[in-house]
Amino acid sequence: MNYFARVYEVVRRIPPGRVTTYGHIAAYLGLRSGARMVGWALNALKNEGDWFSLPAHRVVNRRGELTGRMHFGGYHVMEDLLRAEGVTFLEDGRVDLSRHLWIPGADEPCDAPIAPGP
DNA sequence: TGTATGACCAGTC
DNA sequence: CGACTGGCCATAC
């Protein structure tokens, strides 16, 4: 079963300026705590060299931390990509999930407006 | 076939 | 409040 393809499909659906978490993707796929597999699937992306084809930089952990930034070829690449899309960061260096969190299945959540950024 | 691993999560000490 | 452990599922060796 192409579990990776499932993850890729969900990641592709993430709108610009929005981010989602591993847990939500796993939950959308029907897994309780398959979040590790989500990370593993994205890890396979860099192996395939197609990681740049998918907005993998929009996938963060439940706290909004860019845990996978080291896999983007630089520790600041992922952050720059998100900022370029208008994603705002907290002073802690985490993504403001309260404003940019996007949940799979809800293409246009009404209570998650895109913030214009500072 | 079986063990080890992973860009995680939630609960517990 | 900070740190640790177990679990979860699929892939790789």
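FYI, side chains are in, hydrogens and waters are out, and symmetry mates aren't considered; it's all heavy atoms of this structure.
Applying the side-chain contact (heavy atoms from CB on, under 4.5 Å) criterion to Glu9(A), with sequence neighbours excluded, gives Arg12(A). Every residue two or more places apart in sequence or in another chain was checked for a side-chain hydrogen bond (donor to acceptor under 3.5 Å, both in side chains) with Arg69(A), and none qualifies. Arg94(A) is linked by a side-chain contact (heavy atoms from CB on, under 4.5 Å) to Arg63(A), Glu65(A), Asp92(A), counting only residues two or more places apart in sequence or in another chain. Looking at residues two or more places apart in sequence or on another chain, you find a side-chain hydrogen bond (donor to acceptor under 3.5 Å, both in side chains) between Thr21(A) and His24(A).
Taking the side chain of Arg62(A) as heavy atoms from C-beta on, and the options dG6(B), dA7(B), dA10(B), the nearest nucleotide is dA10(B). The side chain of Arg36(A) has dC8(C) as its nearest neighbour among dA12(C), dA7(B), dC8(C). Here the nucleotide nearest the side chain of Leu42(A), chosen from dA7(B), dG6(B), dT11(C), is dA7(B). Taking every side-chain heavy atom of Trp40(A) into account, dA12(C) is the closest of dA7(B), dA12(C), dC9(B).
In this structure, Leu29(A) places its CG atom 17 Å from P of dC8(C), rounding to the nearest Å. dA4(B) atom P lies 20 Å from atom CG of Asn43(A), rounded to whole Å. Rounded to whole Å, atom P of dT11(C) lies 10 Å from atom OH of Tyr8(A). Taking atom CE on Met37(A) and atom P on dC9(B), their separation rounds to 14 Å, with Å as the unit. Between the CZ atom of Arg63(A) and the P atom of dG11(B) there is a distance of 13 Å, rounded to whole Å. Between the CG atom of Leu66(A) and the P atom of dC8(B) there is a distance of 12 Å, given to the nearest Å. Taking atom CD1 of Ile25(A) as the reference point, atom C1' of dC9(B) lies 14 Å away to the nearest angstrom. With rounding to whole Å, Arg6(A) atom CZ is found 12 Å from dT11(C) atom P.
Asn61(A) comes within 4.0 angstrom of sugar-phosphate atoms only, judged by non-hydrogen atoms across all strands, and of no base.
For dA7(B), its base sits under 3.5 Å from the side chain of Tyr22(A) at one donor and acceptor pair at least.
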Would you sort out whether Arg13(A) and Tyr8(A) count as a side chain to side chain donor-acceptor pair (under 3.5 Å), showing the intermediate values?
CA-CA 9 Å; Arg13(A) 279 164 136 195; Tyr8(A) 300 157; over 6 Å; no

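Applying the ring pair (Phe, Tyr, Trp, His ring centres under 6.0 Å) definition to pairs two or more places apart or across chains, those involving residues 62-89 of chain A are Trp51(A)-Phe72(A).
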Within the sub-3.5 Å range, which N or O atoms of nucleotides 1-4 of chain C have a protein N or O partner, and how far apart are they?
none

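When the side-chain nitrogen and oxygen atoms of Thr67(A) are compared with OP1 and OP2 of dC8(B), one or more of them lie within a distance under 4.0 Å.
In this structure, the side chains of Leu97(A) and Val19(A) come closer than 4.5 Å at one or more pairs of heavy atoms.
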